[in-house]
Amino acid sequence: MDKQTLDIQAFRTQIKAMRESSPQHWEASRKLIAQESLAATLPVLLQTIQQAELIPSLQKRLIEVVQQFGQHKKTREIHQTLKELTGFPPSKAIRALIVWGVLAVDNKDGCAAEDCSIETLDKCLREGQNPYDTLLQVQAPSLLDVGAGDLTFEQELVDQYVPQLRSRNIMLRLDALDRLTPGSRVGGVYHKNRAREKYLKSFPLGELKYQFWGSTGIEEIYKIKGVLPRYTLSTCHAPANPTFAYEPSRVEPKLIQDHLRVTRGDSRLSRYEGEPVLEVSHQGRDLTFPPWKFDIVGPVALLQGMTRRSRVGVLSAIDDEVFWELLSQILADDQYRPRNEIFTKENIPDIFGDVYKKLSLLSVGERVDLTKIGEIRDSTPSGERRLEESSLSSKFRYVEIRRGASWEGVPSSFTAKQFSHMREESPPWWIIFLTDI
């Protein structure tokens with residue numbers, strides 16, 4: 001909270017802003033206002049009020065009304081005072097105060113300190129096999145999935161975790177975005193599946209809050225109304241190639257486009273049944289893709305979006321090209337980021353040296369702490385521009401590399417499941433990271 005002395009109007013403005021900017025805390029307050037939780041919640045709220053920078057008359061009235069609310073009998077006078085002090089209807093006033101004084105105390109990133117112990121998350125990732133178990137460590141679990149595709153992952157995640165959270169009366173917030181335009185005729189099986197979405201929307205709001213944004217890439221997340229300032233966890237399954245396979249701040253656009261022309265074929269914008277598409281001539285065939293298929297966003301934008309918006313990040317089923325470009329932005333030494341040199345199978349061993357040798361020895365199903373084989377950057381990469389000027393800088397606290405498309409007991413995406421049928425593809429990679437402010 002701000003350390004200025006607040007009068008009643010400023011106080012009402014502050015708690016309204018906290019309620020609107022912290023929907024995950026608003027949902028969590030449902031549990032804390034329940035009769036079995038209220039006896040433990042109100043003393044914490046009272047302590048916050050006593051320590052807050054409020055004008056004396058406001059502070060005194062808040063203490064009195066919260067103490068009175070803790071009694072079994074709720075009078076019309078108590079309700080009227082709560083409404084006057086908070087600006088909320090009586091049914092929501094105490095919940096708003098709990099968000100302000102219990103869940104969002106000393107809030108730096110949209111996540112309550114007691115809700116997101118960095119040490120707890122660190123231990124969970126290092127000692128456990130399933131990174132999504134971090135959702136069980138917090139009181140207001142939330143996940144953002146970038147490039148959600150057909151929602152296979154979302155359904156598996158919900159089936160695995162909602163029953164566990166339901167038993168503790170905790171709601172899961174699940175947000176998903178995808179660059180494909182809903183209703184487009186290009187994209188095929190990668191469009192969101194209507195039956196799965198209907199299933200996700202069938203859960204009671206107290207158990208699951210699900211939202212999907214189409215026609216949206218990670219670089220546009222800061223323009224979206226309704227996204228959380230900070231999620232427990234963010235994911236990106238099979239990061240798109242070439243979207244994230246080349247870093248524009250490292251390689252000039254012309255070199256990237258020339259390389260794509262040589263390796264993928266000539267491309268041109270066209271139209272298919274009235275909608276824009278990208279046509280690519282490859283090995284004697286004309287292939288049709290969404291118009292943005294060859295637009296290069298780069299791994300820095302992906303990492304920046306995920307590290308700014310979550311504590312834990314999971315990138316799974318990463319192909320070789322995208323993996324080494326991502327890794328170059330996580331490792332500390334500039335030798336891994338040669339200017340205007342596109343990574344290829346031939347030069348990657350020389351550029352990455354010992355790191356390449358050690359990672360190439362990983363078998364499918366093995367994992368390694370990246371700090372054991374290379375130095376990681378002090379702060380997360382920002383590239384040539386910051387996607388969000390007001391975002392706090394962060395650093396990687398832990399980075400783990402895994403080999404393989406999927407892991408037993410861990411929710412996976414539709415694309416990850418396809419690798420078992422791709423005999424010519426090398427095993428993909430995972431990058432799991434934990435950031436610290």
Side-chain angles (χ1 to χ4, degrees), residues 145-151 176-194 197 212-224 236-306 315 317-326 329 339-344 383-385 387 413-415 418 422 424-425:
D145 188 22
V146 179
D150 73 340
L151 304 179
L177 55 91
D178 197 280
R179 297 185 77 187
L180 286 173
T181 300
S184 170
R185 293 181 177 272
V186 292
V189 295
Y190 294 98
H191 277 285
K192 68 176 179 181
N193 180 281
R194 292 183 179 180
E197 182 163 69
F212 179 93
W213 291 277
S215 305
T216 306
I218 184 65
E219 71 278 16
E220 299 169 299
I221 189 172
Y222 305 107
K223 304 175 185 177
I224 305 173
C236 183
H237 307 289
N241 189 338
T243 302
F244 301 116
Y246 311 96
E247 175 48 48
S249 65
R250 189 181 70 80
V251 183
E252 293 179 0
K254 184 179 185 305
L255 291 176
I256 296 173
Q257 293 303 321
D258 289 345
H259 180 74
L260 289 176
R261 190 174 299 108
V262 171
T263 57
R264 306 294 181 92
D266 291 327
S267 63
R268 58 199 170 278
L269 287 173
S270 183
R271 301 191 74 80
Y272 174 72
E273 295 189 1
E275 68 173 300
V277 297
L278 183 73
E279 289 186 353
V280 181
S281 300
H282 181 71
Q283 297 181 352
R285 299 172 58 199
D286 287 336
L287 307 176
T288 302
F289 298 98
W292 41 257
K293 175 65 176 178
F294 282 6
D295 291 350
I296 305 302
V297 176
V300 166
L302 179 60
L303 288 172
Q304 189 181 24
M306 293 177 71
L315 297 110
I318 314 169
D319 69 32
D320 270 352
E321 283 187 301
V322 176
F323 173 74
W324 293 106
E325 193 70 67
L326 277 165
Q329 298 298 330
R339 181 70 181 170
N340 285 330
E341 187 169 357
I342 290 176
F343 295 146
T344 64
E384 294 180 342
R385 62 187 176 93
L387 294 181
S413 67
F414 169 79
T415 304
Q418 306 314 302
M422 302 178 185
E424 296 182 2
E425 291 286 338

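Residues Leu302 and Cys236 have side chains in contact (heavy-atom distance under 4.5 Å, counting atoms from C-beta outward). Contact of the Leu269 side chain with the Leu278 side chain is registered, since non-hydrogen atoms from C-beta on lie closer than 4.5 Å.
Without hydrogens or angle criteria, Glu247 side chain to Glu325 main chain gives no donor-acceptor distance under 3.5 Å.
Taking the side-chain hydrogen bond (donor to acceptor under 3.5 Å, both in side chains) definition, one finds that Gln283 meets it with nothing, sequence neighbours left out. By the side-chain contact (heavy atoms from CB on, under 4.5 Å) test, Ala148 is found to be paired with Asp145, Leu151, Glu154, Ala176, Phe212, residues two or more places apart in sequence or in another chain being considered. For His282, there are no ring pair (Phe, Tyr, Trp, His ring centres under 6.0 Å) partners, not counting sequence neighbours. Remark: Ser184 engages Thr181, Val186, His191, Glu275 in a side-chain contact (heavy atoms from CB on, under 4.5 Å) (not counting sequence neighbours). In this structure, Arg194 has no side-chain hydrogen bond (donor to acceptor under 3.5 Å, both in side chains) partners at least two apart in sequence or on a different chain. Residues satisfying the side-chain contact (heavy atoms from CB on, under 4.5 Å) criterion with Glu220, sequence neighbours excluded, are Thr216. Looking at residues two or more places apart in sequence or on another chain, you find a side-chain contact (heavy atoms from CB on, under 4.5 Å) between Arg271 and Pro276. Every salt bridge (charged side-chain N to carboxylate O under 4.0 Å, His left out) that Asp150 has, sequence neighbours left out, goes to Arg196. Partners of Phe294 under the ring pair (Phe, Tyr, Trp, His ring centres under 6.0 Å) rule, at least two apart in sequence or in another chain, do not exist in this structure.
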Does the pair Ile296 and Val251 meet the rule for a side chain to side chain contact (heavy atoms under 4.5 Å, CB included), with working shown? CA-CA 11 Å; Ile296 305 302; Val251 183; over 6 Å; no

Is there a side chain to side chain contact (heavy atoms under 4.5 Å, CB included) between Leu180 and Trp292? Walk through the geometry before answering. CA-CA 9 Å; Leu180 286 173; Trp292 41 257; 3.8 Å; yes

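Expressed to the nearest 0.5 Å, how far CG of Leu260 lies from CD1 of Ile342 amounts to 7.5 Å. Taken from CG in Leu255 to CG in Asn340, the straight-line distance is 5.0 Å, to the nearest 0.5 Å.
Residue pairs meeting the salt bridge (Lys or Arg N to Asp or Glu O under 4.0 Å) criterion with at least one partner in residues 177-190, sequence neighbours excluded, are Arg185-Glu273. The list of ring pair (Phe, Tyr, Trp, His ring centres under 6.0 Å) pairs with a residue in residues 244-279, not counting sequence neighbours, reads Tyr246-His259. Pairs passing the salt bridge (Lys or Arg N to Asp or Glu O under 4.0 Å) check and including a residue from residues 280-295, sequence neighbours excluded, read Arg268-Asp286.
For the pair Ala238 and Thr415, the tightest heavy-atom approach, listed with the atom from each and the gap, is CB-CG2, 3.5 Å. Closest approach of Gly298 and Pro248 over heavy atoms only: CA-CD, 3.8 Å. Of all heavy-atom pairs between Phe414 and Val189, the closest is CE2-CG2, 3.7 Å. Shown here for Val280 and Ser267, the closest heavy-atom pair between the two residues is CG2-CB, 4.0 Å. A pairwise comparison of heavy atoms in Pro239 and Ala317 identifies CD-O, 4.3 Å as the closest pair. Closest approach of Val322 to Ala240, counting heavy atoms only: CG2-O, 4.0 Å.
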